[in-house]
Amino acid sequence: MKTIRDFNLNNKKVLIRVDFNVPMKNQVITDDNRIRESLKTIKYAIAHSAKVILLSHLGRIKTIEDKEKNSLLPVSERLSELLGKKVIFVPETRGSRLEEAIAKMKNGDVLLMENTRYEDLNGKLESSNNQELGKYWASLGDLFINDAFGTSHRSHASNVGIASNLPSGIGFLIEKELNNMLPVINHPERPFTVILGGSKVSDKIGVINHLLDKCDHLLIGGGMAYTFLKAQKINIGKSLCEDDYLEYAKEVLKKTNKIVLPIDHVVSKSIDDETCFIKEVIEDDDIALDIGPKTIKLFQDYLEKSKTIIWNGPVGMFEKEMYQEGTKALCNCFQKDQTVIVGGGDTASAVIGFHQEKNVTHISTGGGASLELLEGKELPGIKVIGE
Ligand code: AMP
């Protein structure tokens, strides 16, 4: 697959799809990590005398009010500070103002156009990969580099649409994600343990189906564990359960003995209750919101012996301090000589929030995209570059 290194960028108009979908509160950026993650590719293009034209989406645009809340103007200001140079911001996604600004660019200049999803207001042109829009954006440049890993599982005009109409490659962020994740998923060193958590079984079926054969152990915690426990006729009280997936859970448990489920729990009578208890047997009016100490020890024993670990989904409602212990303890037990891959927005924020990145080999930046890689799927925004 071609990367940005494979092109002569000198004096070329290089369209780069980046992921500037940063969290914002009242139009102020609350975490600029995604902007920082894109800097390596942007700086490389500047250093190689490209005219750098950046495209990104921000949030979802369904109404005129959404446009105001999701302008990329604050992002262009932050990017300007991080690059230490002026970023030309064009508050349009098409038209003469944008085209004239591009025509005036000098080598090494950086231009950011307005949120690509503004094009969704008149018929989802961006999100449905409208052919004309992809062609139009491609006409603005000489080359296309996709570096937005977080949206590469979607087929949009600003990734697949442009790539279908221009010589294309991937940037450093996508390259890093693929190089760190694919060899581990496809050729893990054994023992290989997968930890799955989070709220829903239904979100993780693709991952279970793809990784169950490949892994030696699958540790399941979080809300999704309770559908599996109920499938074994264990009382789960009022804990999260997807009844539609009980049959699936039964089938999977019948097929394999690799799955390890919680043996004790931190429970409460209500999510808002300030008291919680550790129990091995859940009562009818209990809600289980974290794994208990015996389960932590059980999971740690498997993890300690593993050479490779992939983790997606917190094992408890970690946003509340009372239910953090399980997720925190798992973050804490990774060792230097293990390969540890953490994927998914919540798990990544837990590891970073608990300051436990030190023994983690790779924290994936893309929630949905990393989940689809774990499901063994080809991501359309990347596949189109390889074609
Ligand atoms: P997901 O987006 O599916 O990965 O789920 C992440 C969410 O699962 C987090 O917001 C957690 O609070 C939630 N979660 C984890 N464990 C539980 C649990 N036992 N009961 C309810 N929610 C949970």
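Being a predicted model, the structure only gives us computed values, none of them experimental.
In this structure, F172 has its ring center under 6.0 Å from that of Y44. Aromatic rings from H265 and Y226 are positioned such that their centres are separated by under 6.0 Å.
Between the side chains of T347 and N312, no donor-acceptor pair of N or O atoms lies under 3.5 Å. Side-chain contact, T116 with E126: a donor N or O sits under 3.5 Å from an acceptor N or O. Counted by atom type alone, S202 and E242 present one or more donor-acceptor pairs between their side chains at under 3.5 Å. Donor-acceptor pairing under 3.5 Å is lacking for the side chains of T339 and E189. For the residue pair E177 and S364, a side-chain donor N or O sits within less than 3.5 Å of a side-chain acceptor on the partner.
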Quiz item: Are E119 and R94 close enough, and set up right, to give a salt bridge (Lys or Arg N to Asp or Glu O under 4.0 Å), and what steps lead you there?
Solution: CA-CA 9 Å; E119 292 284 346; R94 62 167 87 206; 2.8 Å; yes
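Although no hydrogens or angles enter the test, the distance criterion places a donor-acceptor pair under 3.5 Å between the side chain of N180 and the main chain of K176. Although no hydrogens or angles enter the test, the distance criterion places a donor-acceptor pair under 3.5 Å between the side chain of S370 and the main chain of G366. Between the D147 side chain and the L173 main chain, a donor and an acceptor come within less than 3.5 Å of each other. Between the side chain of N70 and the backbone N or O of K67, no donor-acceptor pair lies under 3.5 Å.
A continuous path of Ile, Leu, Val, Met, Phe, Trp and Tyr side chains, each step under 4.5 Å between heavy atoms, connects L54 with I35, placing both in one hydrophobic cluster. Under the 4.5 Å side-chain heavy-atom criterion for grouping Ile, Leu, Val, Met, Phe, Trp and Tyr, I282 is not connected to V266 through any hydrophobic cluster. Hydrophobic cluster membership differs between Y136 and L121, with clusters built from Ile, Leu, Val, Met, Phe, Trp and Tyr side chains linked at under 4.5 angstrom.
Atom NZ of K336 and atom OG1 of T361 lie 12.0 Å apart (nearest 0.5 Å). Within the model, atoms CG of N115 and CG of L55 stand 10.5 Å from one another, a figure rounded to the nearest 0.5 Å.
Under the rule for a salt bridge (charged side-chain N to carboxylate O under 4.0 Å, His left out), the partners of K294 that lie at least two apart in sequence or sit in another chain are E280. R154 meets the side chain to side chain donor-acceptor pair (under 3.5 Å) test with no other residue; sequence neighbours excluded.
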